[in-house]
Amino acid sequence: MSTTLREELAQEVAKRRTFAIISHPDAGKTTLTEKLLLYGGAIHIAGSVKARKAARHATSDWMEIEKQRGISVTSSVMQFQYAGKQVNILDTPGHQDFSEDTYRTLTAADSAVMLIDVAKGVEAQTIKLFQVCSKRGIPIFTFINKLDREGQNPFDLLEEIERVLGIRSVPMNWPIGMGRELCGVYDRMKNQVELFQGNDHSTIEVRKVEGYRDPVIREMAGDYLADKLIEELELLDVAGDPFDYDKVSAGELTPVFFGSAVNNFGVQTFLENFLQLAPAPTPRKSTDGAVAPENEKFSGYIFKIQANMNPAHRDRLAFLRICSGKFQRGMSVRHVRAGKEIKLSQPQQFLAQDRDIVDVAYPGDIIGLFDPGIFRIGDSLSEGSSIVFDELPTFSPEIFAKVSIKNALKQKQYLKGLDQLTEEGMVQVFRSTGPFEDTYLGVVGQLQFEVFEYRMKNEYGVDIILNRTPFQFARWIVADKVDASKFRINSTLVKDKNGGDVALFENEYAMRTAMERMPDVKFLETAP
C-alpha cells in the first residue's frame, strides 16, 4: 500500500465517530438526536415529536406510522460534520418491541450514548440495550436528560447506574439546581459554568471560573444552590471515581453528562466532550482474525435491510458498515456468501430518508446500497479476499401468529411483501410441514405485528389476517433424522426460511418434555 493511501486512511479514520443512542421509550432520544443534528448544521429546525399531527416531524422518524404514533420503530442513520469530525449517528428504536433491529444496529457502532430520564432513572429497555453494548465491550457515555423537570437526586442516579447496570460512573458536569430551580451546570473538567439566562431560559451563557467555589456561581445561582453545589462536589472529589480514559475505552467506566435536550441545555458541551473522548473506528472480528480499519483492502458487512425507504420507487436498501479500506463509487467487490463479484454503483449516505449519492467513504461510515434482492443481513463484502465478519446476532421469537391474506388474488404481492419484510429482519417466518401449509410469523414484541400489518397494506396493497397462537418458544432442531410425530402435544414442527427444522412450543413444560424424550437431538435458541 502506498504511503499516501496509508496516511489518507489514518487521517480519515481518526475523524470518524460512529455511535448509537440507546434508551427506554420517552427518555428524549429523538429530541437529543435532533439537537445534535442541529449543532452539526444538518437541519435548521428541530421537529417536535410532541406535535404528532403537525406538518413537521422528527427528522429521524421517516416512516408514516412513526409520524402518526410519535415513536421511532425502525433504526435510521444520520451523518453530519462537526468540529472537524465526521459523525455517524445510528438512531435506534427505543420501543421494547423493536429490540431485534436495535440489537443488530448496535453491532455497527463503535460506542453508545445511553440516555436516562432524570425522574425515571434506569428503565427496563435501557438495561437490555446496555447488556448488548456491554457484551461487546464498547464505550458507553451517559446523558441524564430532562433536567428542566423535577427528578431524582444525582447521587441516587449514579448509584442506580452502578447497582442496576454494574458499571462505575464519572460525572463530567454537575447540575446547579433542578426543575424550576435549575440555573446551570458546572463543567468539572473545564472549570466552567453553563448558565441559563432570562425567565424563559431562552439563552445559555458559558463562563470560565476558577473552580466551583468561584463567587461568579454564587452571584448567578444564589447562596442556597452555590452552597449545595460546593457540598456535593466536595463529596464527589473525595468519594467519586476519577476519570480514566482506559477504563472508559474498555466499557468499564461511563462518563456522565447532565442536561436538557429539549432546551438545548448541556447538549453542545456533551457533543464536544463526546467527540474528543469517543473512539474512532476499531478493528472488527472476522474469520481471518481482527480486520484493522487502516487495512488497504476494502471490506464491510450488511447489518440492516430496509424496503420501501422511498415508497414512490419501491426501492430496497442494504445498510453497509465499512470496516476497512477506502470505498469508491463504482468499485467491484466480492459478495462472499454468493461467491461472485458485484459492482457498487449507486452508494448513498443518509439524513434519515434524505439521501445523497456518495463517491468516497471510509471505515466507520455507513452507506446504503441499492438491493435488487441479492443481500441478506450479515453478508460480508470485501476487496480481493473472502473475509467473513462475525455473524450478527439473531434472537428467538417469543410471540407467534398464523398469517393469511384476505384476497387470494393478491398472492403475488403478499409473497413479495412477506419475503422483503422477512429479509429486513422485521419478522421471522416459519412454514408448517403438514399437507396444508400454514405460515407462522415470529416476533420479539407485539408492536412488530402491528407495523408488519400496516406496511403490508400501505406498501404492498395487501390486507392480511393475523391469528395469535399459544406458542411461546422456538427451538432450532439439529438431528440426523427428525420425527415430526414427536411434536404433537403442545408443540409443532415447522421450517424456517432456509429450510431448517424448528419446533414451536406452547410452554416450558412441553419444551422440557420434548428434550427429555429426544436426548440425541440438539435444541438451539437461534439458527445454527
Side-chain angles (χ1 to χ4, degrees), residues 13-23 83-85 87 106 109-116 118 121-122 126-127 129-145 153-175 185-194 208-213 229-259 266-285 290 292-293 364:
V13 168
K15 287 180 193 173
R16 263 64 188 170
R17 297 291 183 272
T18 303
F19 66 97
I21 302 181
I22 60 174
S23 78
K85 298 286 191 286
V87 183
L106 287 173
D110 297 306
S111 59
V113 173
M114 180 168 65
L115 194 62
I116 291 176
V118 71
V122 180
T126 313
I127 297 168
L129 297 170
F130 172 84
Q131 287 167 347
V132 174
C133 295
S134 186
K135 276 180 190 170
R136 295 188 56 238
I138 69 172
I140 293 169
F141 297 78
T142 301
F143 187 86
I144 295 180
N145 193 26
N153 178 295
F155 283 107
D156 291 342
L157 286 166
L158 299 182
E159 194 272 330
E160 186 181 359
I161 288 170
E162 185 178 347
R163 177 173 46 81
V164 177
L165 301 177
I167 188 170
R168 304 285 294 179
S169 59
V170 52
M172 307 295 280
N173 63 12
W174 197 255
V185 287
Y186 173 76
D187 190 322
R188 297 179 71 211
M189 303 298 148
K190 295 181 180 173
N191 279 338
Q192 64 186 32
V193 283
E194 208 170 315
K208 283 298 261 185
V209 290
E210 294 300 316
Y212 52 79
R213 294 181 184 83
L229 180 72
I230 290 168
E231 182 188 332
E232 290 174 339
L233 289 179
E234 281 177 345
L235 181 60
L236 264 185
D237 287 347
V238 174
D241 284 77
F243 178 81
D244 184 323
Y245 184 77
D246 291 336
K247 285 185 177 177
V248 171
S249 299
E252 296 167 7
L253 181 72
T254 178
V256 175
F257 298 83
F258 291 86
V267 176
Q268 188 168 7
T269 310
F270 163 72
L271 178 60
E272 288 170 0
N273 277 281
F274 172 77
L275 293 179
Q276 289 300 315
L277 299 172
T282 50
R284 297 276 150 169
K285 292 177 184 172

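Residue numbers run from 1 in the order of the sequence given.
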Candidate pair Phe155 and Leu236, rule side chain to side chain contact (heavy atoms under 4.5 Å, CB included), full reasoning = CA-CA 9 Å; Phe155 283 107; Leu236 264 185; 4.0 Å; yes
Step by step, work out the ring pair (Phe, Tyr, Trp, His ring centres under 6.0 Å) result for Phe19 and Phe274.
-> CA-CA 10 Å; Phe19 66 97; Phe274 172 77; 4.5 Å; yes
So Ile140 and Val113, side chain to side chain contact (heavy atoms under 4.5 Å, CB included) or not? Walk me through it.
-> CA-CA 6 Å; Ile140 293 169; Val113 173; over 6 Å; no
Go through the steps to decide whether Val256 and Val170 satisfy the test side chain to side chain contact (heavy atoms under 4.5 Å, CB included), and finish with yes or no.
-> CA-CA 6 Å; Val256 175; Val170 52; over 6 Å; no
Given Glu194 and Asn173, is the side chain to side chain contact (heavy atoms under 4.5 Å, CB included) satisfied, shown in steps?
-> CA-CA 10 Å; Glu194 208 170 315; Asn173 63 12; 5.8 Å; no
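Taking 4.5 Å as the limit, some side-chain heavy atom of Pro175 sits within range of a side-chain heavy atom of Pro154. For the pair Leu277/Val248, no side-chain contact is recorded, criterion being any heavy-atom separation below 4.5 Å from C-beta on. Side-chain contact check for Ile167 versus Ser134: every heavy-atom pair is 4.5 Å or farther apart. A heavy-atom distance below 4.5 Å is not found between the side chains of Asp187 and Val193. Between Leu106 and Ile22, the closest side-chain pair of non-hydrogen atoms falls below 4.5 Å. Residues Leu253 and Asp241 meet the side-chain proximity criterion, which asks for heavy atoms closer than 4.5 Å. Between Phe143 and Met114, the closest side-chain pair of non-hydrogen atoms is not below 4.5 Å. Residues Met172 and Thr269 are not in side-chain contact: their nearest non-hydrogen atoms beyond the backbone lie 4.5 Å or more apart.
Under 3.5 Å, the side chains of Asp237 and Tyr212 contain a donor-acceptor pair of N or O atoms. The closest side-chain donor-acceptor pair between Glu162 and Ser169, if any, does not fall under 3.5 angstrom. Side-chain atoms of Thr142 and Thr254 form a donor-acceptor pair, as typed in the model, at a separation below 3.5 Å. A donor and an acceptor atom, one from each side chain of Tyr186 and Asn191, are located under 3.5 Å apart.
Considering every non-hydrogen atom in both Leu275 and Arg17, the closest pair reads O-NE, 2.9 Å. Here the shortest heavy-atom pairing between Pro293 and Pro281 reads CG-O, 3.5 Å.
Counting non-hydrogen atoms of neighbouring residues, nucleotides and ligands closer than 6.0 angstrom, the NZ atom of Lys190 exceeds 12 such neighbours.
Pairs of residues two or more places apart, or lying in two chains, that qualify as salt bridge (Lys or Arg N to Asp or Glu O under 4.0 Å) and include a residue from residues 273-284 are Asp110-Arg284.
Between the CG atom of Asn153 and the CD atom of Glu160 there is a distance of 11.5 Å, given to the nearest 0.5 Å. Note: Gln276 CD to Tyr245 OH = 9.5 Å, rounded to the nearest 0.5 Å. For the atom pair CZ (Phe141) and CG (Leu115), the distance works out to 15.0 Å, reported to the nearest 0.5 Å. Of the inter-residue distances, the one linking Ile138 atom CD1 with Ser111 atom OG reads 6.5 Å to the nearest 0.5 angstrom. Rounded to the nearest 0.5 Å, atoms CG (Leu158) and CD1 (Ile144) are 5.5 Å apart.
Partners of Ala109 under the side-chain contact (heavy atoms from CB on, under 4.5 Å) rule, at least two apart in sequence or in another chain, are Ala20, Leu90. Shown here are the side-chain contact (heavy atoms from CB on, under 4.5 Å) partners of Lys285, two or more places apart in sequence or in another chain: Asp390.
Classified by interplanar angle (parallel below 30°, tilted 30° to 60°, perpendicular above 60°), the ring pair Trp174/Phe258 is perpendicular.
The existence of a salt bridge linking Lys85 and Glu272 is excluded, since no basic side-chain nitrogen approaches an acidic carboxylate oxygen closer than 4.0 Å.
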